[in-house]
Amino acid sequence: MSAIEERIFAAGMPVAALMEKVAQAIFKRLFALYPRPGVQRVGVLVGPGHNGGDALVVARELHFAGYEVLIYRPLSKSKELTQQHGEYVASLGVKFFDQIEPLLDCDLIVDGLFGFGLERSISGEIAQGIDRLNEQSQSVISIDLPSGLHTDTGAVLGTAIQANHTFCLGLWKLGLFHDQALAYVGKAELIDFDIPLADIQAVLGDRNPIHRITSTVALAHLPLPRPQLTHKYKEGHLLAICGSQRYMGAALLCGLGAKASGVGMLTIAVPKSLKPYMSQQLADALVLGCPETASGAIAQLPDSIDLSSFGAIACGCGLTLDAMAVVQAVLESDRPLILDADGLNALAQLGTIPTLCQRQAFTLLTPHPGEFKRLFPEVEGEAEDGVRAVRRASEQSGAVVMLKQARTAIGYPDGSVWINPESTPALARGGSGDVLTGLSSGLIAQAIARKIPLEPLVQTAVWWHAQSAISAATVRTELGVDAVTLSEYLLTVLPQFLRSGN
Ligand SMILES: NC(=O)C1=CN([C@@H]2O[C@H](COP(=O)(O)OP(=O)(O)OC[C@H]3O[C@@H](n4cnc5c(N)ncnc54)[C@H](O)[C@@H]3O)[C@@H](O)[C@H]2O)[C@@H](O)CC1
Ligand SMILES: Nc1ncnc2c1ncn2[C@@H]1O[C@H](COP(=O)(O)OP(=O)(O)O)[C@@H](O)[C@H]1O
Ligand SMILES: [K+]
């Protein structure tokens, strides 16, 4: 961002003019969200850099719009432009404090302490001030990013402002999308200030791009509309290998996710003792009963099965590690493969990288952080930096790697990473992941049948899954989104988006 800014300034845009433009845009949004007289007293936190300069321009506009403005400026030294704005705002009679206390009973706080220029941990009185503020209940708006967060990783440097809204300026800052930043960012919104595309390209180039999954992108890849002249085998044939006597529900949930994907044909292979249960629960699936181990896991696939007749294979939900032989068999097949849960644990035991290097066909791995660690023990730091972790894991293994967390990240072998920016903690319960495996696999099977690229469908699945949970939680609260309910909302959530043209 600073390199892009430098190019803009070098091309002739005055620094002060850009600050004015950015801050006016922030003020406009603020004014719309927190109109008077509902909000009367606004506390503005002003740091020494241009983040503080933005905040001072906002403070000035708030003053002229009739709000009562109080300013907390803990450091007296600041960058020249920030200094000048400070002098002018003070000349208007706005009160400045170097203690946070006078601002604690404000109706709203605007946080302009630090932006991407934060270079070391916040400590001392400023840290104490932030902590005091975080104990209060008024709304907080952060400019660019909550002060105290690392711009790239979202790590908390000492302490950080807990914002209700973050107005991110110009381009999305990566740190906002890391799980560790979630408790601080609140609702994130981009404030555009017309950065020329040429400057973005000159600095970022086309290498290793990081994308947000938006509804527009996700919907664009849905296999809709269906052609009039089609039949079930033209809409994908998925084989889902799942379940054990121990984990019957996982097989069902994977099946429900696959069913919701609209896949033309769904075959589910389960231990033979589960066949009656599955056939009853999933009337539209073809259920194959497999020979089973004494522990009730799949011992092997039925001799009659021809893997090449399937478009894609999903393997792993509820298998247990006793089904190792089956995982090995599908890894050796030339079919596109989606591995989850015990499929991943089995792969980790076989040796992730050497095993996957043998595969020619598409592979998608869908680990949660625990499974990720088992699969890729050498990729450290995944808790802090999921983006880097999926990128490295995907480049090393040649597989598409979906790291499932609060903000799921998908890494592709070409180095690109996609992050899902919107989700809900309603998904944090057993079985949500099984539904996602079924959904992703069903979509991939359809892409194969249509001979369109598979990779984007992984993004579509993650987005669809999260939006279904958001929609279900709106109706039933975050406590009401069990995995079966989630699979039902998969079927109802899409029309809302398609109708509204997203
Ligand atoms: N020209 C403009 O008006 C624009 C302004 N923007 C704003 O400018 C910000 C970046 O401005 P700056 O580069 O001035 O950086 P910041 O405003 O983020 O802060 C940097 C200042 O804080 C000091 N500092 C860093 N860490 C500290 C710590 N732990 N304790 C005490 N002091 C510390 C530094 O020495 C420096 O003086 C962006 O985040 C954004 O808000 C841009 O986003 C858009 C264009
Ligand atoms: N706090 C959270 N916010 C949003 N999504 C979450 C959260 N916690 C978990 N999830 C999602 O829930 C799903 C859980 O999957 P997984 O751990 O495989 O569960 P299971 O194996 O029980 O089905 C993943 O899609 C994950 O991204
Ligand atoms: K800030």
Side-chain angles (χ1 to χ4, degrees), residues 1-2 4-5 8-9 13-23 26 45-55 57 74-75 77-79 81-82 85 110-124 126-127 140-149 151 157-161 163 166-171 173 179 182 191 193 195 247 249-250 253-254 257 316-318 340-342 344 366-371 402-409 420 422-437 439-440 461-462 465-466 469-470 478 481 483 486:
M1 189 69 206
S2 34
I4 290 170
E5 250 185 43
I8 296 174
F9 297 145
M13 179 72 173
V15 180
L18 189 63
M19 182 175 285
E20 191 68 26
K21 174 168 172 138
V22 169
I26 298 170
L45 318 181
V46 174
H50 284 171
N51 197 251
D54 290 347
V57 176
L75 301 167
K77 262 183 74 181
S78 53
K79 286 192 175 173
L81 188 54
T82 306
H85 280 302
V110 177
D111 156 36
L113 280 176
F114 303 105
F116 61 65
L118 183 72
E119 52 205 11
R120 52 189 188 277
S121 273
I122 301 180
S123 58
I126 303 181
V140 179
I141 294 205
S142 282
I143 299 178
D144 212 12
L145 70 163
S147 298
L149 291 192
T151 315
L157 300 181
T159 188
I161 293 276
T166 297
F167 291 159
C168 185
L169 308 179
L171 293 176
K173 310 301 180 303
D179 273 15
L182 266 184
I191 303 281
F193 62 89
I195 304 176
Y247 300 120
L253 294 171
C254 177
C317 298
D340 186 30
D342 284 319
L344 300 172
T366 63
H368 58 55
E371 289 157 348
M402 176 204 294
L403 177 58
K404 295 182 297 193
Q405 347 172 68
R407 293 294 174 268
T408 293
N420 184 42
E422 257 182 39
S423 189
T424 163
L427 279 174
R429 59 196 288 177
S432 319
D434 300 321
V435 174
L436 177 57
T437 303
L439 179 68
S440 316
V462 170
H465 183 247
I470 291 169
E478 288 169 355
V481 191
L486 174 66

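Counting convention: from 1, in listed order, for ligands and their atoms alike.
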Audit row: Leu427, Leu486, side chain to side chain contact (heavy atoms under 4.5 Å, CB included) steps and yes/no: CA-CA 9 Å; Leu427 279 174; Leu486 174 66; 3.7 Å; yes
Test of proximity, Met19 against ligand 1: N or O pairs below 3.5 Å: yes
Residue portion contacting ligand 1 (non-hydrogen atoms closer than 4.0 Å) for Ser121: backbone
Proximal ligand 1 atoms for Phe193, defined as those under 4.0 Å from one of its heavy atoms: 44 (C)
Presence of N, O or S from Leu145 under 3.4 Å of the K ion (ligand 3): yes
Angular separation of Ile143 O and Phe114 O about the K ion (ligand 3), given to 10°: 110°
Reported OG-to-NZ distance for the pair Ser432 and Lys404, which is rounded to 0.5 angstrom: 9.0 Å
For Asp434 against Cys317, the heavy-atom pair lying closest together: OD1-SG, 3.4 Å
Test log, rule side chain to side chain contact (heavy atoms under 4.5 Å, CB included), inputs His50 and Leu18: CA-CA 11 Å; His50 284 171; Leu18 189 63; over 6 Å; no
Pocket residues of ligand 2, ordered first by chain and then by residue number (heavy-atom cut-off under 4.0 Å): His368, Lys404, Gln405, Ala406, Thr408, Ser423, Thr424, Pro425, Leu427, Ala428, Gly430, Gly431, Ser432, Gly433, Asp434, Leu436, His465
Nearest atoms (heavy-atom pairs only) where Leu439 meets Ala461: CD2-O, 3.5 Å
Atom 26 (N) of ligand 1: nearest protein contact (heavy atom, Å): Glu119 N, 3.2 Å
Validation row: Val140, Leu45 side chains within 4.5 angstrom (heavy atoms): no
Shortest protein heavy-atom distance from atom 43 (O) of ligand 1, along with the residue and atom involved: Leu169 CD1, 3.6 Å
More than 12 heavy atoms from other groups under 6.0 Å of CD on Glu422: no
Top protein contact for atom 7 (C) of ligand 1, by heavy-atom distance: Asp54 OD2, 3.1 Å
Matching residue for Glu371 among Thr366, Leu403, Leu344 - test: side-chain contact (heavy atoms from CB on, under 4.5 Å): Leu344
For ligand 1, the portion of Asp144 having any non-hydrogen atom under 4.0 Å away: side chain
Atom 37 (O) of ligand 1 - nearest protein heavy atom and its distance: Pro48 CG, 4.0 Å
Residue, atom name and distance, where the atom is the protein heavy atom closest to atom 30 (N) of ligand 1: Phe114 CZ, 3.8 Å
Contact check: Ser142 to the K ion (ligand 3), N/O/S below 3.4 Å: no
Metal proximity, Gly47 vs the K ion (ligand 3), N/O/S cut-off 3.4 Å: no
For atom 17 (O) of ligand 1, the protein heavy atom that lies nearest, with its residue and separation: Asn51 N, 2.9 Å
Any donor-acceptor N/O pair, Asn51 side chain to Phe116 backbone, under 3.5 Å: no
Nearest-neighbour protein heavy atom for atom 4 (C) of ligand 1, which is reported as residue plus atom name and distance: Glu5 OE2, 3.8 Å
Protein contact to atom 15 (O) of ligand 1 [nearest heavy atom, distance to 0.1 Å]: Gly117 CA, 3.3 Å
Lys79 and ligand 1 - part of the residue with a heavy-atom distance under 4.0 Å: side chain
Nearest heavy atoms of Leu113 and Ile126, plus distance in Å: CD1-CG2, 4.3 Å
Check against side chain to side chain contact (heavy atoms under 4.5 Å, CB included), Ile143 and Val22: CA-CA 10 Å; Ile143 299 178; Val22 169; 6.0 Å; no
From NZ (Lys21) to CG (Leu169), nearest 0.5 Å: 13.0 Å
Distance (rounded to the nearest 0.5 Å) between Ile141 CD1 and Ile161 CD1: 12.5 Å
Distance-minimising heavy-atom pair for Lys77 and Pro48: O-CB, 3.4 Å
Per-atom contacts, ligand 1 versus Phe9 - under 4.0 Å to a heavy atom: 1 (N)
Heavy-atom closest contact (Ser142 atom, Pro146 atom, distance): OG-CA, 3.3 Å
Pick from Ser2, Gly49, Gly112, Ser123: the one approaching atom 19 (O) of ligand 1 most closely through a non-hydrogen atom: Gly49
N, O or S atom of Asp111 closer to the K ion (ligand 3) than 3.4 Å: yes
Ser147 to Gly112 - nearest heavy-atom pair and separation: OG-C, 4.5 Å
